[in-house]
Amino acid sequence: MAETEASVPSENLLEWAKTDKRRLLHAVYRVGDLDRTIKFYTEGFGMQLLRKRDVPEEKYSNAFLGFGPEETNFVVELTYNYGVDKYDIGTGFGHFAIATEDVYKLVENARAKGGVVTREPGPVKGGSSVIAFVKDPDGYLFELIQRGPTPEPLCQVMLRVGDLDRSIKFYEKAVGMKLLRKIDRPEQKYTLAMMGYADEYETTVMELTYNYGVTEYTKGTAYAQVAISTGDVYKSAEVVNLVTQELGGKITRQPGPLPGINTKITSFLDPDGWKTVLVDNEDFLRELPKKE
């Protein structure tokens, strides 16, 4: 029976991945002082603390922050491991991005709360977009982008990859993302691709960057993964398994419920070693605290 299912339908599975209702849920990364980061993100960037949990038996705490409820918005999931106050960000992680109607004001706010401004606000070279870059207390870089009102202010996760065309194919096939745009900057020796599930002005996107001639990056110990919702983790895992055979990468957790909370997930590495977790959407919504 397994053989019949596998033979059915490579194509059907790949088509299903494009129609499965998915969205980017959150980015998970590690910080050295949870309260310090919460304070900076809420006061410096204007995020809301959505929930916080302590898991003493596993010796870690989590906090979820964003600009809207988890049911509809992309959020960051910060992890503090007891006793670990510093992590290596590595060379592969690029930045997160926040869209705002006033970059200049947000930069001054972040600076006043201890953010390190690594690029002052102003138009991009040869263009009209106004941007700035700010580092948080752990050294994670945030690009601040001036943009009109948007439903998704936490708008990008940028990762560096060693073969952009391979990565584009992988994210299209394995997780059903669309290539929204591709930009080549030969004068700065990089090419980037925006990948996502809807227009980048409406939703969070993955910004994959290829620097000319660089095929490998260090992952460090700080950034962990992104999570994406799916209607069926079992089918999703079949799709990923199929795509990894063609393009590289591997499944790191077979689909099934997590002990204790019963949320069904599967996880995998892309060809560059970046981790993604696919989460059953109904289970995810059930996990969220009930509103009073």
Side-chain angles (χ1 to χ4, degrees), residues 24 26-32 37 74 76-79 81 84-98 116 118-119 124 131-145 154-175 177 179-196 200 204-228 240 243-253 267-278:
L24 281 155
H26 48 252
V28 184
Y29 53 103
R30 302 170 185 98
V31 298
T37 305
F74 184 73
V76 294
E77 178 183 339
L78 309 177
T79 299
N81 292 299
V84 185
D85 62 4
K86 196 176 284 185
Y87 294 94
D88 170 25
I89 291 177
T91 59
F93 173 79
H95 62 256
F96 301 110
I98 296 171
V116 177
T118 61
R119 183 203 190 273
V124 296
I131 66 165
F133 279 94
V134 174
K135 272 189 181 173
D136 78 359
D138 287 277
Y140 290 102
L141 198 59
F142 281 77
E143 181 180 8
L144 311 181
I145 304 169
L154 199 50
C155 60
Q156 290 175 8
V157 179
M158 192 278 254
L159 302 173
R160 298 182 179 96
V161 298
D163 180 331
L164 190 59
D165 289 335
R166 177 185 66 184
S167 293
I168 290 168
K169 277 184 201 163
F170 185 89
Y171 282 90
E172 284 176 332
K173 290 184 172 186
V175 290
M177 287 186 180
L179 173 61
L180 303 170
R181 63 186 171 117
K182 190 175 175 183
I183 304 163
D184 188 33
R185 301 267 191 233
E187 69 284 0
Q188 289 159 294
K189 298 187 176 175
Y190 72 82
T191 309
L192 62 84
M194 297 292 191
M195 309 285 300
E200 65 186 280
T204 307
V205 299
M206 301 289 294
E207 178 182 336
L208 305 176
T209 298
Y210 167 69
N211 292 299
Y212 290 10
V214 185
T215 58
E216 286 186 16
Y217 295 93
T218 60
K219 299 296 176 299
T221 54
Y223 172 83
Q225 66 215 28
V226 291
I228 297 173
V240 173
V243 177
T244 57
Q245 289 170 43
E246 178 196 353
L247 296 168
K250 65 177 179 180
I251 290 190
T252 52
R253 185 186 186 102
S267 63
F268 63 90
L269 301 180
D270 76 1
D272 288 279
W274 294 116
K275 186 178 176 187
T276 297
V277 177
L278 289 160

Problem set entry | Heavy-atom side-chain proximity of Leu154 to Val76 below 4.5 angstrom | yes

For this session: May I ask you to check whether Tyr140 and Tyr223 place their ring centres under 6.0 Å from each other?
Result: no

For this session: Hey, could you give me the CZ/CG distance between Arg160 and Asn211, rounded to the nearest 0.5 Å?
Result: 6.0 Å

For this session: State whether the side chain of Ser267 and the backbone N or O of Thr252 hold a donor-acceptor pair below 3.5 Å, judged by distance alone.
Result: no

For this session: Could you tell me the separation between the NZ atom of Lys182 and the CD1 atom of Ile168, rounded to the nearest 0.5 Å?
Result: 4.5 Å

Seminar exercise, completed: When every non-hydrogen atom of Met206 is compared with those of Met177, the smallest separation belongs to CG-CE, 3.6 Å

Problem set entry | Electrostatic pair Lys169-Asp163, nearest N-O below 4.0 angstrom | no

Problem set entry | N/O donor-acceptor pair under 3.5 Å between Thr218 side chain and Thr91 backbone | yes

For this session: Give, for atom NE2 of His95 and atom CG of Asp136, the distance between the pair rounded to the nearest 0.5 Å.
Result: 13.5 Å

Exercise. Okay, side chain of Asp138, backbone of Arg30: is any donor-acceptor separation there less than 3.5 Å?
Worked result: no

Seminar exercise, completed: Here the pair of heavy atoms bringing Ile251 nearest to Arg253 is CG2-O, 3.4 Å

Exercise. Would you say the side chain of Glu207 lies within less than 4.5 Å of the side chain of Glu200, judging by non-hydrogen atoms?
Worked result: no

Seminar exercise, completed: From the list Tyr210, Tyr190, Tyr212, side chain to side chain donor-acceptor pair (under 3.5 Å) with Asp184 holds only for Tyr212

Exercise. Are any non-hydrogen side-chain atoms of Leu179 and Met195 less than 4.5 angstrom apart?
Worked result: yes

For this session: Check Leu141 against Lys135 and note the closest heavy-atom contact, atom names and distance.
Result: CD1-CG, 3.6 Å

Exercise. Closest approach of Leu269 and Phe170, non-hydrogen atoms and distance?
Worked result: O-CZ, 4.1 Å

Exercise. Could you state the interatomic distance from CG (Asp88) to OG1 (Thr221), rounded to the nearest 0.5 Å?
Worked result: 5.0 Å

Problem set entry | Shortest non-hydrogen contact between Tyr217 and Val161, atoms and distance | CE1-O, 3.8 Å

Problem set entry | Enclosure of Glu216 CD (heavy-atom neighbours >12, cutoff 6.0 Å) | no

For this session: Decide yes or no for Leu278 and Val240: does some side-chain heavy atom of the first lie under 4.5 Å from some side-chain heavy atom of the second?
Result: yes

Exercise. Would Ile145 and Gln156 satisfy side-chain contact (heavy atoms from CB on, under 4.5 Å), going step by step from the backbone distance to the final call?
Worked result: CA-CA 10 Å; Ile145 304 169; Gln156 290 175 8; 3.6 Å; yes

Exercise. Are Val214 and Lys189 close enough that some pair of their side-chain heavy atoms sits under 4.5 Å apart?
Worked result: no

Problem set entry | Tyr29 ring center near Phe96 ring center (under 6.0 Å) | yes

Exercise. With no hydrogens and no angle check, do the side chains of Asp270 and Ser167 hold a donor and an acceptor under 3.5 Å apart?
Worked result: no

Exercise. Rounded to the nearest 0.5 Å, what separation is found between the NE2 atom of His26 and the CZ atom of Phe74?
Worked result: 8.5 Å

Exercise. Where do Tyr171 and Leu208 come nearest, in terms of heavy atoms and distance?
Worked result: CD1-CD1, 3.8 Å

Exercise. So do Lys275 and Lys219 actually touch side chain to side chain, heavy atoms under 4.5 Å?
Worked result: no

